[in-house]
Number of protein chains: 2
Amino acid sequence: MPRPKTRIQIRNSETILEAALDVFSAHGFRGATLDQIAEVAGLSKPNLLYYFPSKEAIHHALLTRLLATWLDPLRDMDAAGDPVAEVMGYVRRKLELSRDYPRESRLFAIEILQGAPRMREAIEGELKALVAQKAKVLQTWMDEGRIARLDPVHLVFSIWALTQHYADFDVQVRTVLGDGRDPYAEAGAFLETLYTRLLAP
Amino acid sequence: MPRPKTRIQIRNSETILEAALDVFSAHGFRGATLDQIAEVAGLSKPNLLYYFPSKEAIHHALLTRLLATWLDPLRDMDAAGDPVAEVMGYVRRKLELSRDYPRESRLFAIEILQGAPRMREAIEGELKALVAQKAKVLQTWMDEGRIARLDPVHLVFSIWALTQHYADFDVQVRTVLGDGRDPYAEAGAFLETLYTRLLAP
DNA sequence: GTCTATAAAACGATAGAC
DNA sequence: GTCTATCGTTTTATAGAC
């Protein structure tokens, strides 16, 4: 499927990527098998390879299309807005992403954990550049005394770590909290308190 | 090797576990192969299986022996000590663990990320119980007004997330920071600031 | 205890019928 | 476009010589 054109091609490509997300996010690249993906997708294995030339190609398509989504919340942090509200908004959007797209979070986590063998380019390029740009915005806000003076890059790391933890370590979080508690609702409140105190000038 | 006895048995078991840590932490259980582990260990594949009955057994031995180490810093948080100093000490010890044992951190991360299929028992038992016990200690300190009132369990989650991030996402952290910066030194300073502000009553 | 050789199953990918 | 059948390889694990 070099370029999906017909409706059925688009639909099947989507079905495959959806199934692949399930399997890759649960087992990593090498741990995932085409048999599993085919079964989840409800297609035969050769049919998978009719739409994508290889296992590698499916994984690559997944990562590429997800990177954009994953960086959107940071991209939306506006230099012209109110500093505290902008950072808080970023934290909130990132936590919502963890809540609504936990498989995507785990897919990225596994990839980076394993040394990012299939995503180095994106990290060294797009991701690094975006962080550098937003770090400057944060630095300006700090220099103006509108938020507390902190290392801006580690501030971004902290937001990634604290929000993605709830998706990536979901099993542990739910086990430790026990039944009847809503991890994401509680995390939202906790993180609002945390960043309110941390950012106060 | 049901029970290592002789010196050579102990030494080879250690060599195998050390090599297995390398490979499992980099590729996860299914992504790792006995061939790889054997090559890193400098032993033949059948020799590996002379010391451990199966791939599963090697992985299990690794996880079991590492869980204790991983929980030690939290275990050392002393109810009789100074609250702020105790939490700070926990953060520091946990960050040192990330710095000195990043492979162990990634091994646990991959396991939990994948739904903890080989560690559920430990999480539901030992880990959950320890967190519950220490959450009570934190709650007491909060009730006494000695640290700020927060959800104690999410406070523990935040320490896990913020410290383990530097080991688990090492590649990303180093790429974004760029050369010539020491992630762990900077993280130490950042986290001390963060928890100082967060915990102030 | 350690090796070579190999069994048995699973894996990514292809051939070719329809 | 989708299937069955299968190739060639890799993988876990075992057999048996030494």
Side-chain angles (χ1 to χ4, degrees), chain A residues 1-64 107 110-111 114 117-118, chain B residues 1-64 107 110-111 114 117-118:
Chain A
M1 66 98 236
R3 269 132 270 219
K5 288 177 173 180
T6 71
R7 239 160 297 165
I8 198 167
Q9 279 172 333
I10 293 173
R11 202 177 60 92
N12 274 347
S13 294
E14 287 301 319
T15 305
I16 291 168
L17 288 176
E18 166 67 20
L21 177 57
D22 247 46
V23 179
F24 280 129
S25 71
H27 297 105
F29 181 76
R30 286 184 51 177
T33 70
L34 291 180
D35 278 307
Q36 277 182 286
I37 298 172
E39 194 190 331
V40 174
L43 296 169
S44 70
K45 194 163 46 168
N47 208 4
L48 245 66
L49 294 166
Y50 170 77
Y51 287 96
F52 293 88
S54 67
K55 179 183 178 180
E56 193 89 37
I58 302 176
H59 192 256
H60 186 259
L62 259 186
L63 282 183
T64 305
L107 181 68
I110 287 191
E111 174 65 14
Q114 303 187 348
R118 296 170 182 84
Chain B
M1 68 96 235
R3 268 133 271 218
K5 289 178 174 180
T6 72
R7 241 161 295 167
I8 197 166
Q9 279 173 332
I10 292 173
R11 203 176 60 91
N12 276 346
S13 293
E14 286 302 318
T15 304
I16 292 169
L17 288 177
E18 166 66 22
L21 177 57
D22 246 47
V23 179
F24 281 129
S25 70
H27 300 288
F29 180 77
R30 286 185 50 177
T33 70
L34 291 179
D35 276 307
Q36 279 181 286
I37 298 172
E39 195 191 330
V40 174
L43 296 169
S44 72
K45 195 162 43 167
N47 207 3
L48 245 66
L49 294 166
Y50 170 75
Y51 287 96
F52 292 89
S54 67
K55 178 182 177 180
E56 193 88 38
I58 301 176
H59 193 255
H60 186 260
L62 259 186
L63 282 184
T64 305
L107 181 69
I110 288 188
E111 174 66 14
Q114 302 186 346
R118 296 171 183 85

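Letters A, B, ... mirror the listed sequences (proteins, then strands); counts begin at 1.
The CG atom of A:N47 sits 14 Å away from the C1' atom of C:dT14 (whole-angstrom rounding). Rounded to a whole Å, the CD1 atom of B:I58 is 15 Å from the P atom of D:dT11. We find that NZ of A:K45 is positioned 11 Å from C1' of D:dT6, with the value rounded to whole Å. Atom CG in A:L49 sits about 13 Å away from atom P in D:dC3, given to the nearest Å. Rounding to whole angstrom units, OH of residue B:Y50 and C1' of D:dA15 are separated by 16 Å. A straight line from CD1 of A:I37 to C1' of C:dA10 spans 15 Å, rounded to a whole angstrom. Between the P atom of C:dC3 and the CG atom of B:L48 lies a distance of 11 Å, rounded to the nearest Å. Nucleotide C:dT6 holds its P atom 20 Å from the CG atom of B:L34, rounded to whole Å.
Under the 3.5 Å distance criterion, the side-chain polar atoms of A:K55 are matched with a main-chain donor or acceptor of A:A32. The main-chain N or O of B:E111 is never found under 3.5 Å from a side-chain atom of B:Q114 such that the two would form a donor-acceptor pair. Judged purely by atom type and a 3.5 angstrom limit, A:E14 has no side-chain atom pairing as donor or acceptor with the backbone of A:R11.
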Exercise for the section: Could you walk me through whether B:F24 and B:I37 pass the side chain to side chain contact (heavy atoms under 4.5 Å, CB included) test, one step at a time? Expected result: CA-CA 9 Å; B:F24 281 129; B:I37 298 172; 3.9 Å; yes
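With D:dG1, C:dG1, C:dG12 as the choices, the nucleotide that has an atom nearest any side-chain atom of B:T6 turns out to be C:dG1. When the nucleotides C:dT2, C:dT14, C:dG12 are ranked by their closest atom to the side chain of A:K55, C:dG12 comes out on top. Each of C:dT2, C:dT14, D:dA13 was ranked by its minimum atom distance to the side chain of B:N12; first place goes to C:dT2.
Considering only side-chain N and O atoms, B:S54 lies nowhere under 4.0 angstrom from the phosphate OP1 or OP2 of D:dT14. Listed pair A:S44 / D:dT2 fails the phosphate criterion, with no side-chain N or O lying under 4.0 Å from OP1 or OP2.
Backbone-only engagement by A:A32 is indicated by non-hydrogen atom pairs under 4.0 Å involving sugar-phosphate atoms exclusively.
The shortest distance between side-chain heavy atoms of B:L107 and B:H59 falls below 4.5 Å.
Between B:P46 and B:R30, it is B:P46 whose nearest contact on DNA chain C lies nearer the 5' terminus.
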